[in-house]
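The next block holds one structure in the form of C-alpha cells; read it before the comments.
Numbering of ligands and ligand atoms starts at 1, following listing order.
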Amino acid sequence: MVDYKNGYNVVEHEDNEQLCAYLLGKAIETGFSHELYRVTVVQPNAGHDEGRVRSFDMAAKELKAFQKTYRAGIERREEAEREFDDAQEQASAAWAERWLVAGDHCMFCDAQAVCPARIKLAQDQAAIDFADEPRELRFKQREEDVARIMKWAPQLEALIRAASG
Ligand code: SF4
C-alpha cells in the first residue's frame with residue numbers, strides 16, 4: 001500500500017505505529033494471506049535521509065504480534081473513556097495524569113489546545129511556563145537549548161495553530 005503525505009513534517013517510516021496499523025488493517029482484510037506486507041510513504045514536501053519515497057515491510061507474524069499490542073491499546077482507551085465518564089470534576093486532573101501521554105502523536109489531535117499533558121510537554125520542551133507573561137520569560141542562549149527548542153518547532157507550531165482555532 002502507498003501512504004501519500006502532503007505535509008512538510010517528516011514522517012519516519014520505520015516502526016511507525018500509524019503505518020503498522022494501516023498494514024494491520026490490510027492484513028486483516030486479506031486474511032493474513034501474504035507473508036510480507038509493505039507500506040510505501042511518499043512525501044514530496046519533506047526531505048528524509050532515505051529519500052522522499054521509502055518503504056517499510058512487516059511479516060504477517062509481526063503484524064499478528066502488533067495486533068495484540070494494538071488491541072491492548074484499544075482496551076486501555078476504552079477503560080480510560082469509562083473512567084472519564086465516571087470522573088468527577090475534581091478528579092479530572094488525576095484522570096489526565098493517569099491516562100494522557102503526550103508526544104509527537106499529538107500533532108494532529110483536535111484536543112491539543114486544551115490537553116494538559118500536551119501543554120505540559122510543550123512547556124517542558126521549551127523550558128517555559130505558559131502561565132507566565134511573555135515579558136517575564138528569560139531564554140537561555142546556550143546552543144544546546146536553541147537546538148533542543150528548535151527540534152520541537154513543528155509541535156509547538158501545531159499547538160499554537162490549534163489554540164488559535
Ligand atoms: S493532545 Fe492530549 S489527548 Fe491528544 S493525543 Fe496528545 S495527549 Fe492525547
Practice item. Kindly check if the number of other-residue, nucleotide or ligand heavy atoms within 6.0 Å of OH (Y70) is above 12? Key: no

Review point. In terms of hydrophobic clusters joined by side-chain contacts under 4.5 Å, are I28 and L19 together?
Key: yes

Check your understanding: Looking at R76 and E79, does any basic side-chain N land under 4.0 Å from a carboxylate oxygen?
Key -> no

Check your understanding: Does a side chain donor of either Q18 or H105 reach within less than 3.5 Å of an acceptor in the other side chain?
Key -> no

Review point. Which N, O or S atoms belonging to the protein are less than 2.8 Å from atom 6 (Fe) of ligand 1?
Key: C106 SG

Exercise for review: Name all residues meeting the salt bridge (Lys or Arg N to Asp or Glu O under 4.0 Å) criterion together with R71; count only those two or more places apart in sequence or in a different chain, and write none if there are none.
Suggested key: none

Exercise for review: Using a strict cut-off of less than 4.0 Å between a Lys/Arg side-chain nitrogen and an Asp/Glu carboxylate oxygen, indicate whether K61 and E35 qualify as a salt bridge.
Suggested key: no

